[in-house]
*Asks:* 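What follows is a single structure, and I will ask about it in a moment.
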There are 2 protein chains.
Amino acid sequence: MRSTIKDVAKRAGVSIATVSRVLNRSDVVNEETRLLVENAVRELRYSPNIAARNLSRSKTETIGILLPDLYGEFFSEVLRGMDRTARKHSYHLFISSSHNNKAEIEAALRVMSGRVDGLIIMSPHIDAASLNANLPSALPLVLLNCHVEGDEFDAINIDNYRGAFEIVKHLASHGHKRIAIIKGTEKNIDAQERLRGYRDALEEAGAEYSKAFEIPGDFTEQSSYNAALQILQLKPRPTAIFVSNDAMAIAALSALRTHQVSVPEEIALAGFDDIPIASYIKPSLTTVRVGISELGALAVDRLLDAVRNKKEHTKRHLIMPTGIVVRESCGCTRTVHPTP
Amino acid sequence: MRSTIKDVAKRAGVSIATVSRVLNRSDVVNEETRLLVENAVRELRYSPNIAARNLSRSKTETIGILLPDLYGEFFSEVLRGMDRTARKHSYHLFISSSHNNKAEIEAALRVMSGRVDGLIIMSPHIDAASLNANLPSALPLVLLNCHVEGDEFDAINIDNYRGAFEIVKHLASHGHKRIAIIKGTEKNIDAQERLRGYRDALEEAGAEYSKAFEIPGDFTEQSSYNAALQILQLKPRPTAIFVSNDAMAIAALSALRTHQVSVPEEIALAGFDDIPIASYIKPSLTTVRVGISELGALAVDRLLDAVRNKKEHTKRHLIMPTGIVVRESCGCTRTVHPTP
DNA sequence: CTTGGAAATGTAAACGTTTACATTTGTGGC
DNA sequence: GCCACAAATGTAAACGTTTACATTTCCAAG
């Protein structure tokens, strides 16, 4: 059915090695022969079988990416950065998802075996040592947002703690004494650090701490909408909410709006991530800037360094700094144009 | 470095065929032998080289997906449907992007060659015949949102025309006589059909047609924000806007809000796609429901049918129906809760 | 113990490509 | 024409896995 290098060789009247040379190093083949081969390739619509090439060369020029999910703007932005950087280095991405499920991680890793030069795994639910038990030791690996200690792994984490701390401090600087939080998923390292930053900021700002102000969420819009409704029932009612990611903050905003609660005047709001839509809603969202696509880009850079410099590569655990982006929802500003 | 099947066989004291049988059909191997092999696999952390397996079996259980971009909520939702359906059939996705660029399409197809059992290509800018010139004829293929005529290809298109027609008719039913459009990218078949539906609806509704009401956009938030500013300058000013996708509608909403234009009271708004966020903004967006993830799921179903039933599969060109989702932005309703 | 048949396992070749080393071809100088 | 050397091309084996067919082992019946 599909043409192989043997078909091309036969049609051009040369050996398979010559066909290979034309395709890979055409400077060592004379022009007449080269044209014969190129014509045969075109006529037969031949395309090299990359699986065979991978096997032969032990090199795939492909990076495996394993994310918790394939959808949602956060992952979409991570992929943006990864795609851009990989493309720059002529690498391709093989993207898969794990749904934060150990068995699905193992299945995905199996499918990638022999097909990728290295791996980037984002898994905020599962710790690094547990993940590593499933991996061939020679395969270069970068972990994103995993629970990691020390420099045993190439890993990159967001400074969740610092970002949450600063943005809650910012809310407090507006005079808010009762600040609630809509939490992320329980076992998630990102969510845990954001909660810890929230708590420490309350303490440092001398704001009121109450267990009742900590409302569970699971990083979905629906959970946040319901959490916001709960907050509206609290007595006394909080005057500000820190929401553990932007998608949830948008849903919380919707709930507040539906109940005629004016934002930021009656309840101020802050999110986490700075996904692109955050600047286009009204009021535009004050949030923690993560540099999501930069995170993806950095991960690819680190991994490619490991792939290309096997002997000299030094494993490192990097913490990506966060910053706060002050827009309208905290009450600071009524800017005229979305921040690009 | 990495263990091969030969290492496992040596360690277990059996042949490589026996190792293969244990991994693939363990019912034909006796228990004692099976345990030896399983122990060796575990100790060596052996994982089959999938490239070698693909070559040997001529079967990859992987589907190639080629989208214009990897980011944005529309593509994210398509992937959701694809991922879910593929997973159900134990297939994996190999996802890549083309940026609507012919050369990048070719590069992506080359990388996938021999590594996928079939392909799904979404390319609203490039027509099917032109795409097909680059593909091995035996490879099962499903085209999404490509410019296609007849039943020569397995293809699925959204009923852009009908969706746009109906939603603009709906805006007109509110009494709007001056309805503007923020268009999508020029060469894009989806955008062209939405424009055509808009025009025909104006004509059927007896609404005012003016070339000045057609403002160019390119499916980005920024282009739409600027387009909305232009619309605000028109004399006489339109009282409704049909925006060619939801992401742009959200940005247009932001522009209107920034200029104290009340939506839907002063200017009504409608979008296209029904991305998840559409129901969480305020006012919630009246839009054309595409069934984005259903589109992805259907594409995978069609492709798997082609892969599995090579002889009997019938190529078909399907048009996915659209419908309108009436929420707040057109002025119909002030619902209390987002539609799930 | 021998025989026949089933179960279990091994051998060899296939898949499509790459590339080291072997061989052939071409060219210039004598 | 011969020789030396460079350029061009071919041959054979490698990559890691699967599986048809060959071979061996096991077990039950006579």
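Letters go in sequence order (proteins before strands), and every chain restarts at 1.
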*Asks:* Determine the contact category for Val14(B): base if any of its heavy atoms lies under 4.0 Å from a base atom, sugar-phosphate if only primed atoms, P, OP1 or OP2 are that close, otherwise nothing.
*Replies:*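 Sugar-phosphate contact only - Val14(B) comes under 4.0 Å of backbone atoms but never of a base.
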
*Asks:* Side chain of Arg21(A), base of dG10(D): donor and acceptor closer than 3.5 Å?
*Replies:*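 Yes.
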
*Asks:* Could you tell me the separation between the CD1 atom of Ile50(A) and the C1' atom of dT17(C), rounded to a whole number of Å?
*Replies:*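 Rounded to whole Å, this separation is 10 Å.
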
*Asks:* Taking any heavy-atom pair under 4.0 Å as a contact, classify Asn54(B): base, sugar-phosphate, or nothing.
*Replies:*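 If one applies the 4.0 Å heavy-atom cut-off, Asn54(B) turns out to touch nothing in the nucleic acid.
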
*Asks:* In whole angstrom, what separates Arg25(A)'s CZ from dA7(D)'s P?
*Replies:*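 Rounded to the whole Å, the gap is 12 Å.
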
*Asks:* Calculate the interatomic distance between Ile5(B) atom CD1 and dC15(C) atom C1'; express it in whole Å.
*Replies:*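 About 15 Å, once rounded to whole Å.
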
*Asks:* Thinking salt bridges, do Arg11(B) and Asp7(B) make one under a 4.0 Å N-O criterion?
*Replies:*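 Salt bridge between Arg11(B) and Asp7(B), a charged N being under 4.0 Å from a carboxylate O: no.
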
*Asks:* Any ion pair linking Arg110(A) and Glu106(A) (charged N to carboxylate O, less than 4.0 Å)?
*Replies:*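 Answer for the salt bridge query: no.
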
*Asks:* Could you check how far CD of Glu32(A) sits from C1' of dA8(D), rounded to whole Å?
*Replies:*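 In whole Å, dA8(D) C1' lies 12 Å from Glu32(A) CD.
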
*Asks:* Within the 4.0 Å heavy-atom criterion, would you say Ile16(A) contacts the bases, only the backbone, or no part of the nucleic acid?
*Replies:*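 Base contact - Ile16(A) has a heavy atom under 4.0 Å of at least one base atom.
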
*Asks:* Check Glu152(B) with Lys315(B), please: is the shortest side-chain N to carboxylate O separation under 4.0 Å?
*Replies:*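 So Lys315(B) does not pair with Glu152(B) through a salt bridge.
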
*Asks:* Could Arg302(B) and Asp154(B) be called an ion pair, given the rule that one side-chain N must be under 4.0 Å from one carboxylate O?
*Replies:*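 Answer for the salt bridge query: yes.
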
*Asks:* Write down the atom of Glu104(A), the atom of Ser98(A), and the distance for their closest heavy-atom approach.
*Replies:*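 Looking at all heavy atoms of both residues, the shortest contact is CB-O, 3.3 Å.
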
*Asks:* Send over the distance from Asn30(B) CG to dC27(D) P, rounded to a whole Å.
*Replies:*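 Roughly 10 Å, once rounded to whole Å.
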
*Asks:* Taking 4.0 Å as the cut-off, does a side-chain nitrogen or oxygen of Thr18(A) come that near to OP1 or OP2 on dG10(D)?
*Replies:*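 Answer is yes, contact under 4.0 Å.
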
*Asks:* Using atom NZ of Lys6(A) as one end and atom P of dT17(C) as the other, report the distance to the nearest whole Å.
*Replies:*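 Value for this atom pair: 9 Å.
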
*Asks:* To the side chain of Arg53(B), which of dT17(D), dG10(C), dA14(D) is closest?
*Replies:*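 Minimum distance to the Arg53(B) side chain belongs to dT17(D).
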
*Asks:* For Ala52(B) and for Ser15(B), locate the closest nucleotide of DNA chain C by heavy-atom distance; then report the residue assigned to the nucleotide nearer the 5' terminus.
*Replies:*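 On the 5' side of the pair lies Ser15(B).
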
*Asks:* Over all strands shown, is Val29(A) touching base, sugar-phosphate only, or nothing at heavy-atom distances under 4.0 angstrom?
*Replies:*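 The residue Val29(A) makes sugar-phosphate contact but no base contact.
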
*Asks:* What's the NZ-C1' distance between Lys59(A) and dT19(C), to the nearest Å?
*Replies:*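 It works out to 16 Å between those atoms.
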
*Asks:* What's the CZ-P distance between Arg57(B) and dA20(D), to the nearest Å?
*Replies:*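 Going from CZ in Arg57(B) over to P in dA20(D) covers 12 Å.
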
*Asks:* Using a cut-off of 4.0 Å on non-hydrogen atoms, how would the nucleic acid contact of Ser20(B) be classed: base, sugar-phosphate, or nothing?
*Replies:*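 Base, at least one base atom sits under 4.0 Å.
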
*Asks:* When you measure from the side-chain N and O atoms of Thr33(B) to the phosphate of dT9(C), is any distance below 4.0 Å, counting only OP1 and OP2?
*Replies:*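 Yes, because at least one side-chain N or O of Thr33(B) sits under 4.0 Å from OP1 or OP2 of dT9(C).
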
